[in-house]
Amino acid sequence: MAPSPTGPLHIGTARTSLYNYLFARHVGGTYVLRIEDTDTARSTADDERDIIDNLHWLGISWDEGPQAAGGEDIGSFGPYRQSQRMDLYAREATRLLESGAAYHCWCTPEELEGVRREHEARKEAPRYNGRCLRLTDADRARFETEGRQPAIRLRVPPEAIRFDDLIRGEVEFDNALLGDFVIVRANGVPLYHFVVVVDDEAMGITDVIRGEDHLSNTPKHIALIRALGYAEPRFAHISLILNPDRTKMSKRKSQTAITAYREQGYLPEAMVNFLAFLGWSPGTEEEIFTLDQLAERFELGAVHKGGAVFDQDRLDFLNGVYIRSLADQQLALRLRPFLPDALDDASVLRVVPLIRERLVRLADAGELVVFLVETDEQVGARYDADAMLPKQRTPAETAAAVASARDALEGLEAADFSADVLETRCRQAADEMGWKAGDFFRPLRVAVTGRTVSPPLFGSMELLGRDRVLARLDGALGKLTAEGVPTA
RNA sequence: GCCCCCAUCGUCUAGAGGCCUAGGACGCCACCCUUUCAAGGUGGAGAUCACCGGUUCGAAUCCGGUUGGGGGCACCA
């Protein structure tokens, strides 16, 4: 896998990495991570860190490459950052120059732009016209005295290029349509198409699995491979992940940074499971798989040719499945970063069973548990008639109901303040007043949590404790009576 | 403009000539369960397999074309 650190780990890059990982593990191969940072202007250390950290987060590991951002490389074909391999590229470029497979190009950006416009005007493919190929020694001497620096272009033989894509089958291009392309800039920095080919050979890469956006670049790579006398690797091009409008997934239209999903509390297990099925399926109706199970079942040949829309609803569903499958301790641990510091670890562990089934993302837990750390005043500020009154009930009637619940609970010792006991007492109180349990619980829920939607009422009361529950019931009572409606 | 790739419910997909009156999942709707919200259970709507031709006794599956969509054509990666 060879990501470019010009942005945080992208969903598409993550899936390509995953497919590479699954393939390597499935066939028992060696998985290599290489950082493509030849574009020094756009590559940053922060992005490299984001990519490596999030790949690790997903559970993807590699046999060769930088093991940590800015850290040591592992593997015997390093260094694994292209910015540290410039000598190799320079050597290979010289070799190409000497064999005549490449040549210097002195054209300026303005001249090239002019040629491009001419082609466009004549409705031709915008390709290089080979002008510098016909230069005389005198021309070259003149450019040199002018101080112009030449770029290096590959002389592309006009031949048909065909290769057997592991996913798409046989694909054929006509390289006569391709112009001689630049492989080293005038400033000496080599370009992507060149370094990728040089590195794949140097690192012994046998299988190149990448996005479909590189399919039409492959003939360039093969031309380079032939010019350099390298062995041709196998290629596999996976279709792209799409925005809902079926265009290539982009930051503009979708949330593309893995780290953003991580911050919202998506589980790496869910993300991996989801990503794996975006363009592949085991051919059965099973759909929940761990990373190891995926590696066991993954087949490149079963990867789809068509693009797949990123469906957030489905990710949400899977995330819920994985959240619900976690044991209390595990979920508590994962929830910790998403919960208020004021909530101690013991309370987190106790609240987990109450909220587990209500979570789509870990970050959703915050809203569900705030009532535990809010002050009685903060909760009280949320009391209002709309929320507290059941249908067809007046404030006075509701106040009476809350008062009866309060009476039922007041006699309990703090130690007896358990969900079971609370429920029994409250149901009894509701019964005695002739109220439906649901109606009776509504104002209690609002009183205790400040919300109409909350974790189960009695479990919440138990966690809150006797004193705070009674205080909040009193607060609600005050509010209901203050409404000033005469008693029924 | 040129080149390449692709095409099954809204979405992810099963399907490799007869098992398909096209299956599953998400989402949606209804009902059940129920202290809210969820979760869970049951059921339902939803695809003339983009279209047109061909091959075949038989096509979602093979072939050709059309249409539609996507990607690529940089001294970006």
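Chain letters run A, B, ... following the sequence lines, proteins first, then strands; residues in each count from 1. The basis for the numbers below is simple: all heavy atoms, side chains too, and nothing from hydrogens, waters or symmetry mates.
- Pair assignment for B:C73 gives B:G1, based on Watson-Crick or G-U wobble hydrogen-bonding distances that are each under 3.5 Å.
- Checked against side-chain contact (heavy atoms from CB on, under 4.5 Å), A:Ala302 has the following partners two or more places apart in sequence or in another chain: A:Trp280, A:Glu299.
- A salt bridge does not link A:Asp47 to A:Arg42: none of the charged nitrogens lies less than 4.0 Å from a carboxylate oxygen.
- With a 3.5 Å ceiling on both atom-pair distances, the Watson-Crick or G-U wobble partner of B:C26 is B:G10.
- Judged by distance alone, the side chains of A:Arg361 and A:Tyr266 do bring a donor and an acceptor atom under 3.5 Å apart.
- With P as the reference atom, B:G43 and B:A25 are 11 Å apart, rounded to whole Å.
- Residue A:Arg153 places at least one side-chain N or O under 4.0 Å from the OP1 or OP2 atom of B:C75.
- Each of A:Leu240 and A:Glu423 has a nearest nucleotide on RNA chain B; the 5'-most of these lies closest to A:Glu423.
- Backbone-only engagement by A:Arg324 is indicated by non-hydrogen atom pairs under 4.0 Å involving sugar-phosphate atoms exclusively.
- A:Leu457 comes within contact range of at least one nucleobase, with a heavy-atom separation under 4.0 Å.
- Checking A:Phe277 against A:Lys220, the closest nucleotide of RNA chain B that is more toward the 5' end is the one next to A:Phe277.
- Remark: A:Arg324 fails to qualify as a cation-pi partner of A:Tyr322 under the 6.0 Å distance and 45° angle criteria applied to the six-membered ring.
- Note on ring orientation: taking the six-membered ring where Trp is involved, the planes of A:Phe163 and A:Phe235 are perpendicular (angle over 60°, cut-offs 30° and 60°).
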Protein-nucleotides 46-52 of chain B N/O pairs closer than 3.5 Å?
none

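- Counting heavy-atom neighbours within 6.0 Å of A:Gln392 CD, excluding the residue itself, gives a total of 12 or less.
- The separation of B:C49 from B:U21, taken at their C1' atoms, amounts to 14 Å, rounded to a whole angstrom.
- Distance check on atom C1': B:A60 versus B:A16 gives 11 Å, rounded to whole Å.
- Ion pairing between A:Arg314 and A:Glu287 holds under the 4.0 Å rule for side-chain N and carboxylate O.
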Short N/O separations, protein against nucleotides 5-11 of chain B, under 3.5 angstrom:
residue : atom : partner  : partner atom : Å
B:C5    : O2'  : A:Arg168 : NH1          : 2.3
B:C5    : O2'  : A:Glu212 : OE2          : 3.2

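- Look at A:Arg451 and A:Glu374 and you find a salt bridge, because one of the NZ, NE, NH1 or NH2 atoms lies within 4.0 Å of a carboxylate O, short of that distance.
- Nucleotides B:A59 and B:U42 have their C1' atoms positioned 36 Å apart, rounded to a whole Å.
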Open item on the list: A:His237 vs A:His214, test: ring pair (Phe, Tyr, Trp, His ring centres under 6.0 Å). Steps then yes/no.
Closed with: CA-CA 7 Å; A:His237 290 92; A:His214 283 300; 7.4 Å; no
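- Here the separation of B:U67 from B:U55, taken at their C1' atoms, is 23 Å to the nearest Å.
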